[in-house]
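A short worksheet on the structure shown next.
In this text, all values refer to a predicted model and were calculated from it rather than measured experimentally. Below, each value reflects all heavy atoms present in this structure, side chains not excepted, and no hydrogens, waters or symmetry copies.
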Amino acid sequence: LRQSCLSAGWFGMRTSHLTIRKRILEEKSKITDEQFFASREYSGFLTDIAESATKRYNRTVRVTVKADHDDETVAYTDFTGIMINACNEITWSFPSRPLRSLSLQGLNAHEFGHMLFTDNPVWHSFFRRLGAGRFYPRLPDGLTAGQKQNARDIQEALLDENDPVPKSVILSTAHALSNILEDGYVDLKCSCQYPGTPARGIALNNLRYAELMPDIESMIDKKTYDHNIILNLLIQYVRVRDLNNLSGYDGELLDYLKSFMALVDGCICADDARDRCEAVNLILIDLWPIMQRCFDELRAKDNPAVDAAPG
């Protein structure tokens, strides 16, 4: 990224990056970390970095940083630019300002990575078709007889207007899978393109995120839905290629994860987003028997879509 910044000339910088780096390293400061990270100067620092990376768009990218301990937001990208909450659980778990700044720079890199590498039109097509009971870009090839039946059941459930629970579970699971796989692709792509501080920040955040994930047995004890446990395992695998399994669990849920590993490894290295769409389709088809285990419980609740979301 430093070379990209130099080639861009850093003309029109919003703040002195030398001053910002000095303040990051200060062990004793007159202002709190909340005040520092939410300052206009720090937002300008991250904006300069994001604009240097996204200059191919020939448009302004604005990064806004806030510091709100009561807001569970981490970071997101929309038409207004990038928004980061400095007081998110991941960043604030680090004990020093330099590590927190590295975390925020990693979040910034992840978000401008989505701007650079995520093919939103493909994903819009995927969910529009899935909502209409069809697989995009196509029904996967080479399915076994059991998988073909699962695919037919999923399509029928998506079109069943009398029972909204299966459709809500299918769509929420598909959204979770698309986020997991696309985040893995973006992190890998961004880390290769910008191997300095952005890559280190991304790796730092992913390691801490995985550390904060609950153990498999604890998720089972809390009666987390089985398909959501598998989604949480996929998140850990994609982020750090490791699992929080201190209890040594070795059962069905782990077997499912192992069966998905080769598919996941291939699709997050692919530049065509349709490869990840096909991976989501295949995982949905294989997870269908597991997903059905929560239907009866969700039917008794007022808002099944909320409870069907991974956690």
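The closest donor-acceptor contact from the side chain of Arg23 to the backbone of Phe36 lies at 3.5 Å or more, if one exists at all. No donor-acceptor distance shorter than 3.5 angstrom exists from the side chain of Gln147 to the backbone of Ile285, with no hydrogens or angles considered. For the pair Asn205 (side chain) and Gly201 (backbone), a donor-acceptor distance under 3.5 Å is present. In this structure, the side chain of Ser43 does not engage the main chain of Arg40 through any donor-acceptor pair within 3.5 Å. In this structure, the side chain of Asn179 engages the main chain of His175 through a donor-acceptor pair within 3.5 Å. Judged by distance alone, with hydrogens and angles left aside, the side-chain atoms of Thr47 form a donor-acceptor pair with the main-chain N or O of Val63 at under 3.5 Å. Judged by distance alone, the side chain of Asn206 and the main-chain N or O of Val240 form no donor-acceptor pair under 3.5 Å. Asn150 contributes no side-chain N or O that, together with a main-chain N or O of Asp286, makes up a donor-acceptor pair within less than 3.5 Å. Judged purely by atom type and a 3.5 angstrom limit, Gln155 has no side-chain atom pairing as donor or acceptor with the backbone of Arg134. Judged purely by atom type and a 3.5 angstrom limit, Asp215 uses its side chain to pair as donor or acceptor with the backbone of Leu246.
Residue Cys277 comes nearest to Val122 through the heavy atom pair SG-CG1, 3.7 Å, listed as atom of the first residue, atom of the second, then distance. Nearest heavy-atom pair, Ile268 versus Arg241, reported as atom, atom and distance to 0.1 Å: CD1-NH2, 3.1 Å. When all heavy atoms of Ser191 and Ile202 are compared, the closest pair comes out as OG-CD1, 3.9 Å. Minimum interatomic distance between Leu284 and Ala174 (heavy atoms only, all atoms of both residues): CD1-CB, 3.9 Å. The shortest heavy-atom contact between Ala279 and Leu181 is CB-CD1, 3.8 Å.
Taking the side chain as every heavy atom from C-beta outward, Leu46 and Ile82 never approach each other to under 4.5 Å. For the pair Asp163 and Phe295, the minimum side-chain heavy-atom distance is 4.5 Å or more. Within the 4.5 Å cutoff, side-chain heavy atoms of Phe112 are placed close to those of Ile49. Contact annotation: the side chain of Asn88 never approaches that of Thr73 to less than 4.5 Å [non-hydrogen atoms, C-beta and beyond]. The shortest distance between side-chain heavy atoms of Cys190 and Leu116 does not fall below 4.5 Å. No side-chain heavy atom of Thr91 sits less than 4.5 Å from a side-chain heavy atom of Val74. Proximity of Asp187 to His110: side-chain heavy atoms (C-beta onward) are separated by under 4.5 Å at one or more points. By the 4.5 Å heavy-atom criterion applied to side chains, Pro214 and Asn244 are not counted as neighbours.
Contact check on Arg276 versus Asp119 returns no salt bridge, with no Lys/Arg side-chain nitrogen under 4.0 Å from an Asp/Glu carboxylate oxygen. A salt bridge between Lys189 and Asp271 is present, with a side-chain N of the basic residue lying under 4.0 Å from a carboxylate O of the acidic one.
Residues passing the salt bridge (Lys or Arg N to Asp or Glu O under 4.0 Å) test with Asp296 are Arg299, sequence neighbours excluded. For Arg62, the side-chain contact (heavy atoms from CB on, under 4.5 Å) partners two or more places apart in sequence, or in a different chain, are Thr64. Partners of Ala157 by side-chain contact (heavy atoms from CB on, under 4.5 Å), not counting sequence neighbours, listed by chain and number: Pro166, Ile170, Trp288. Taking Asp71 as the reference, Lys66 meet the salt bridge (Lys or Arg N to Asp or Glu O under 4.0 Å) condition, with sequence neighbours excluded. For the side-chain contact (heavy atoms from CB on, under 4.5 Å) test, residues two or more places apart in sequence or in another chain that qualify with His69 are Glu34, Cys87, Trp92. For the salt bridge (Lys or Arg N to Asp or Glu O under 4.0 Å) test, residues two or more places apart in sequence or in another chain that qualify with Glu252 are Arg293. Thr118 is linked by a side-chain contact (heavy atoms from CB on, under 4.5 Å) to His114, Asn120, Trp123, Glu182, Val186, counting only residues two or more places apart in sequence or in another chain. Remark: Arg200 pairs with no residue by the salt bridge (Lys or Arg N to Asp or Glu O under 4.0 Å) rule, at least two apart or across chains. For Ser218, the side-chain hydrogen bond (donor to acceptor under 3.5 Å, both in side chains) criterion is met by no residue, not counting sequence neighbours.
Between the side chains of Ser101 and Gln105, at least one donor-acceptor pair of N or O atoms lies under 3.5 Å. Between Arg152 and Gln149, the side chains place a donor N or O and an acceptor N or O closer than 3.5 Å (distance only, hydrogens not considered).
Residue Ser93 is tested with Glu211, Arg100, Arg208 for a side-chain hydrogen bond (donor to acceptor under 3.5 Å, both in side chains); the sole match is Arg208. If you run side-chain contact (heavy atoms from CB on, under 4.5 Å) between Tyr225 and each of Thr173, Ile230, Leu231, Leu298, only Leu298 comes through.
When the shell of 6.0 Å around CZ of Arg129 is examined, it contains more than 12 heavy atoms from other residues, nucleotides or ligands. The neighbour count for Glu26 CD, taken as heavy atoms of other residues, nucleotides or ligands under 6.0 Å away, is above 12.
The list of ring-ring contact (aromatic ring centres under 6.0 Å, His included) pairs with a residue in residues 202-223, not counting sequence neighbours, is empty. Residue pairs meeting the ring-ring contact (aromatic ring centres under 6.0 Å, His included) criterion with at least one member in residues 232-268: none, sequence neighbours excluded.
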Applying side chain to side chain contact (heavy atoms under 4.5 Å, CB included) to Asn245 and Asp250, what does each step give before you reach the verdict? CA-CA 9 Å; Asn245 188 19; Asp250 185 18; over 6 Å; no
Please set out all donor-acceptor pairs under 3.5 angstrom arising from side-chain atoms of residues 135-142, sequence neighbours excluded.
{"from": "Arg138", "atom 1": "NH1", "to": "Glu278", "atom 2": "OE2", "distance (Å)": "2.4"}

